[in-house]
Undergrad: 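Handing you this structure, nothing more for now.
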Amino acid sequence: MTKDKKINLTEALKKYFGFDKFKGDQEAIIRNLLDGKDTFVLMPTGGGKSLCYQLPSLLMEGTAIVISPLIALMKNQVDFISQLSEHEGTAHFLNSSLNKAAIDQVKTDIKEGRTKLLYVAPESLTKEENVEFLRSVKISFYAIDEAHCISEWGHDFRPEYRRIRPIINEIGVAPVIALTATATDKVRTDIKKNLGIVNADEFKSSFNRPNLYYEVRPKTKDVDKDIIRFIKQHPSKSGIIYCLSRKKVEELAEILRANEIKAAAYHAGLDSVTRTQTQDDFLMEKIDVIVATIAFGMGIDKPDVRFVIHYDIPKSLEGYYQETGRAGRDGGEGICLAFYSYKDLQKLDKFMEGKPVAEQDIGRQLLQETAAYAETSVCRRKMLLHYFGENYDKDNCHNCDNCLHPKTKIEARDQLVIALEAILAVKENFRSDYVIDFIMGRETDEIVAHKHQELEEFGSGEDEEEKIWNPVIRQALIAGYLKKDVENYGLLKVTAAGKKFIKSPKSFQIVTDHEFTDDDESVPDHDGTTSALDPTLSAMLHDLRKKWARKLGRPPYVIFQDVSLEQMATDYPVTPEELKNIQGVGEGKVRQPYVKEFLTLIKRYCEENDITRQADLRVRTVAKKSMLKVKIIQNIDRQIALDDIANAQGIDFDELLDEVEAIVYSGTKLNIDYFLEEVMDDDHVDDIYDYFANSETDDLEAAIQELGSECSEDEIRLVRIKFISEMAN
């Protein structure tokens, strides 16, 4: 290459795009394409992939065909190129959204040589009339964007993509450039083979995004609340929340709006006008947060997305990396937060049932990789980069939860030797779950079928805790003692370094995995702190409750239930509005004379102890629930029998009592005397009422023990409702 030619390419960049210099490998990639060579580009989101085919298309003779999976992406890029060009028709797209007149205009512009870039969906490319037309056109090159869609191993498998090569051969051979932001060695091999560009020159950029912070939190029943708290800690910042189901997208967007967060839903079930409007509102910052299924974000080039939250754990690490890659594209802050639970994993696994066996197998392996990422205590950056075949040699990235809060390392030299010898014993022909069963000495059907229970190494690690083996194998992969077979993905192979380790073992320190339990209720905040009950404040609140109980001559639980005091000692409410978010406290309760003193106590305690409050947030659940309460109150006011109300609302009598109890405990007065007179003996009512008036607890079990021989559970509950309504409200 002459120096002049290089200057000309830089001049073209300045002329068409206004940039002074290329990023990363862009110039080398463009030169490779201009020289007529097949090219494979692996470049993370935000690295400038589209320029790699846009600029050469403007410089080469003929029309470049860009095969892209998303209509939104095509439209954005066509608009972008059209603004750069002096002539109309420089870029067009051909897809199902165009009418016949628009398609005729596109074809005219191509015929007359005006169009340098034609974006097509793979489905449109395979249409016979389009193939026929394109055969008559001079094609400069083919660009396959989001090329991972070709691979069944990619996170977005689309069968139409696998027909691209035969169609190219029909239209007319020209250089091919395949571009993707996420691809493991296995996916890369699959793409090149399928596109018939096995000998393509490869350009692979680093996957490391140093500005992105990665964190995984346990997903508890309070996940909505945790997300709201997180967003409130980052006011007015743009963010995307990914959910797997449309229903959850709609629900969560509604909850966010109810909590004064400017949010909108985005999924394929919405009409295209709504989706386009939502995208535009997000780009123009009329809304701060998009709640979306995985389809959102590709082609939305917003540089200042400050956080990406995964409400559900993704189906693959490719998908996760691509989606987190939408954060911090400008190099600024980008927080990537994922919520993880075994239940979600089981749900995703269940979705695969009914699919072809090979597809299930692939899906489950991808899912295992995601679970490994979520559960690991190793640097998340190191884990992600290793997955994409890149080595990260630092021990601490200082920008993920595991590095900011490192676990203590333990010595696992002997365990690694056991694992390596076991893998060799089973001829390096199995995946980690099989190897762990073998090491632990489990005679599974598969192990017995291979007669591996007869091998000397069978059960060689049965004295160890089972939970040690996953981190040993995962961290041995990162350390280079093991690798996964590229063709039969997931089969464990011992490397030369691993064989050397068996002969002369040395120190091998690992960190054990995080243990996620479905009942884990302690959720760390971004600063690493955890919401927990304050025992000192709890004791003070209990004392104050006793004082008011004596003063009013009522049992303490009538003032506030234990559960309410516990939540107050966790969330520190200091206003009546905040107090209404506490369980068992409603509109009627906050009007009680003692409430002011409780709030004053909490406020003073926070000030004296310099407590930064994470004010609990009002998360409104499904509207149906609150509507049900309204209907119950209205029906009781009309003196309709409680069993008739339950039947009319389609709920059990027990469920109705649950709802009525919640209503009176939160401070609303209900008069159910009309029903008690009809179904209960007056003496029974008096006995139960007296019991609660003199009891230190409103516990149902205790009341049944005391009164159960004479009264039924429903009777006790009904009178308890009457008592709380009259005494507490």
Undergrad: Does Thr274 offer a backbone N or O that forms a donor-acceptor pair with the side chain of Asp271 under 3.5 Å?
TA: yes
Undergrad: Less than 4.5 Å apart, any side-chain heavy atom of Thr115 and any of Val106?
TA: no
Undergrad: For Cys243 and Thr293, what are the C-alpha separation, side-chain angles and deciding distance, and is it a side chain to side chain contact (heavy atoms under 4.5 Å, CB included)?
TA: CA-CA 5 Å; Cys243 305; Thr293 48; 5.8 Å; no
Undergrad: Considering only NZ, NE, NH1 and NH2 on the basic side and carboxylate oxygens on the acidic side, decide whether Glu390 and Lys204 come within less than 4.0 Å.
TA: no
Undergrad: Can you confirm whether more than 12 heavy atoms, excluding those of Glu202, are under 6.0 Å from its CD atom?
TA: yes
Undergrad: Nearest 0.5 Å, what's the CG-NZ distance between Leu366 and Lys186?
TA: 11.0 Å
Undergrad: Treating Asn194 as the side-chain partner and Ile150 as the backbone partner, does any N or O pair qualify as donor plus acceptor under 3.5 Å?
TA: no
Undergrad: Answer yes or no: is there a donor N or O on one side and an acceptor on the other, between the side chain of Glu369 and the main chain of Leu317, under 3.5 Å?
TA: no
Undergrad: Out of Leu118, Leu117, Ile177, which one pairs with Val66 under the side chain to side chain contact (heavy atoms under 4.5 Å, CB included) rule?
TA: Leu117
Undergrad: What are the two closest heavy atoms between Val378 and Lys382, and how far apart are they?
TA: CG1-CD, 4.1 Å
Undergrad: Could you pull out the closest heavy-atom pair between Asn581 and Gln567, with the gap in Å?
TA: O-NE2, 3.6 Å
Undergrad: With a 4.5 Å cut-off on side-chain heavy atoms, are Tyr213 and Leu404 touching?
TA: yes
Undergrad: Can you list the residues that meet the side-chain hydrogen bond (donor to acceptor under 3.5 Å, both in side chains) rule with Glu260, with sequence neighbours excluded?
TA: none
Undergrad: For residues Gln54 and Tyr16, is any side-chain donor paired with an opposing acceptor at under 3.5 Å?
TA: no
Undergrad: Considering only NZ, NE, NH1 and NH2 on the basic side and carboxylate oxygens on the acidic side, decide whether Asp513 and Arg474 come within less than 4.0 Å.
TA: yes
Undergrad: Is it true that Tyr572 and Glu578 share a donor-acceptor pair across their side chains at a distance under 3.5 Å?
TA: no
Undergrad: What are the two closest heavy atoms between Ala178 and Ile191, and how far apart are they?
TA: CB-CG2, 4.3 Å
Undergrad: If you count every heavy atom of other residues, nucleotides or ligands that lies below 6.0 Å from Lys247 atom NZ, does the total exceed 12?
TA: no
Undergrad: Check this for me: does any side-chain nitrogen of one of Glu323 and Arg326 sit under 4.0 Å from a carboxylate oxygen of the other?
TA: no
Undergrad: Heavy-atom distance under 4.5 Å between the side chains of Val305 and Phe282, does that happen here?
TA: yes
Undergrad: Taking the side chain as C-beta and beyond, is there a heavy-atom pair between Asp185 and Arg188 under 4.5 Å?
TA: yes
Undergrad: Under the side chain to side chain contact (heavy atoms under 4.5 Å, CB included) test against Met43, which residue among Leu179, Thr180, Ile29 passes?
TA: Ile29
Undergrad: Taking NZ, NE, NH1 and NH2 as the nitrogens, is one of them in Asp330 or Arg306 under 4.0 Å from a carboxylate oxygen of the other?
TA: yes
Undergrad: Do Asp224 and Tyr311 touch side chain to side chain, with heavy atoms closer than 4.5 Å?
TA: yes
Undergrad: Would you say the side chain of Tyr119 lies within less than 4.5 Å of the side chain of Ile67, judging by non-hydrogen atoms?
TA: no
Undergrad: Does Phe388 reach the side chain of Asn208, with side-chain heavy atoms less than 4.5 Å apart?
TA: no
Undergrad: Which distance, rounded to the nearest 0.5 Å, do you find between the NZ of Lys232 and the CD1 of Ile227?
TA: 14.0 Å
Undergrad: Would you compute the distance between atom CD of Glu215 and atom OH of Tyr340 and round it to the nearest 0.5 angstrom?
TA: 16.0 Å
Undergrad: Could you measure the distance from the OG1 atom of Thr324 to the CZ atom of Phe307? Nearest 0.5 Å is fine.
TA: 14.5 Å
Undergrad: Evaluate Lys248 against Asp312 for salt bridge (charged side-chain N to carboxylate O under 4.0 Å, His left out), listing each step before the verdict.
TA: CA-CA 10 Å; Lys248 179 42 74 179; Asp312 304 292; over 6 Å; no
Undergrad: Strictly below 4.0 Å, N to O, side chains only: are Lys286 and Asp280 in salt-bridge contact?
TA: no
Undergrad: Can Leu58 and Phe17 be said to form a side chain to side chain contact (heavy atoms under 4.5 Å, CB included), step by step?
TA: CA-CA 11 Å; Leu58 299 173; Phe17 293 89; 4.2 Å; yes
Undergrad: State which residues pass side-chain contact (heavy atoms from CB on, under 4.5 Å) with Ala265; sequence neighbours excluded, sorted by chain then number.
TA: Val249, Glu250, Ala253
Undergrad: Do you see a donor-acceptor pair shorter than 3.5 Å between the side chains of Asp281 and Thr278?
TA: no
Undergrad: Please list, chain by chain and in numerical order, all residues satisfying side-chain contact (heavy atoms from CB on, under 4.5 Å) with Lys394, sequence neighbours excluded.
TA: Tyr392
Undergrad: I want to know whether Tyr321 and Phe207 have ring centres closer than 6.0 Å.
TA: yes
Undergrad: Would you sort out whether Gln322 and His148 count as a side chain to side chain contact (heavy atoms under 4.5 Å, CB included), showing the intermediate values?
TA: CA-CA 11 Å; Gln322 180 109 21; His148 53 265; 3.6 Å; yes
Undergrad: Salt bridge or not for Arg217 and Asp226, using N-O below 4.0 Å?
TA: no
Undergrad: Asp288 and Ser236: which non-hydrogen atoms are nearest, and at how many Å?
TA: OD2-CA, 3.8 Å
Undergrad: Taking only residues two or more places apart in sequence, or in another chain, which ones meet Asn402 in a side-chain contact (heavy atoms from CB on, under 4.5 Å)?
TA: Thr376, Arg380, Cys400, His514
Undergrad: Just jot down the side-chain contact (heavy atoms from CB on, under 4.5 Å) partners of Leu212, sequence neighbours excluded, or say none.
TA: Arg209, Tyr214, Ala327, Cys336, Arg381
Undergrad: Could you tell me whether Glu333 and Lys237 have a side-chain N and a carboxylate O separated by less than 4.0 Å?
TA: yes
Undergrad: To the nearest 0.5 Å, what is the distance between CD1 (Ile287) and CG (Leu256)?
TA: 11.0 Å
Undergrad: If you measure from CG on Leu125 to CD1 on Ile144, what distance do you get to the nearest 0.5 Å?
TA: 9.0 Å
Undergrad: Please name the pair of heavy atoms, one in Ser377 and one in Lys407, separated by the smallest distance, quoted to 0.1 Å.
TA: OG-CD, 3.3 Å
Undergrad: Looking only at side chains, do Tyr373 and Tyr320 share a donor and an acceptor under 3.5 Å apart?
TA: yes
Undergrad: Just do the side chain to side chain contact (heavy atoms under 4.5 Å, CB included) check on Tyr142 and Ile164 with the steps written out, would you?
TA: CA-CA 10 Å; Tyr142 299 90; Ile164 289 173; over 6 Å; no
Undergrad: According to salt bridge (charged side-chain N to carboxylate O under 4.0 Å, His left out), who are the partners of Asp304, at least two apart in sequence or on a separate chain?
TA: Lys302
Undergrad: Answer with yes or no after comparing the ring centroid distance for Tyr53 and Phe141 against a 6.0 Å cut-off, counting only values under it.
TA: no
Undergrad: Kindly give the heavy-atom pair with the smallest separation between Ser316 and Gly319, and that separation in Å.
TA: OG-N, 3.0 Å
Undergrad: Can you find a heavy atom in the side chain of Leu345 that is under 4.5 Å from one in the side chain of Leu367?
TA: yes
Undergrad: Determine yes or no for a side-chain-to-main-chain donor-acceptor pair under 3.5 angstrom, with Asp109 supplying the side chain and Gly89 the backbone.
TA: no
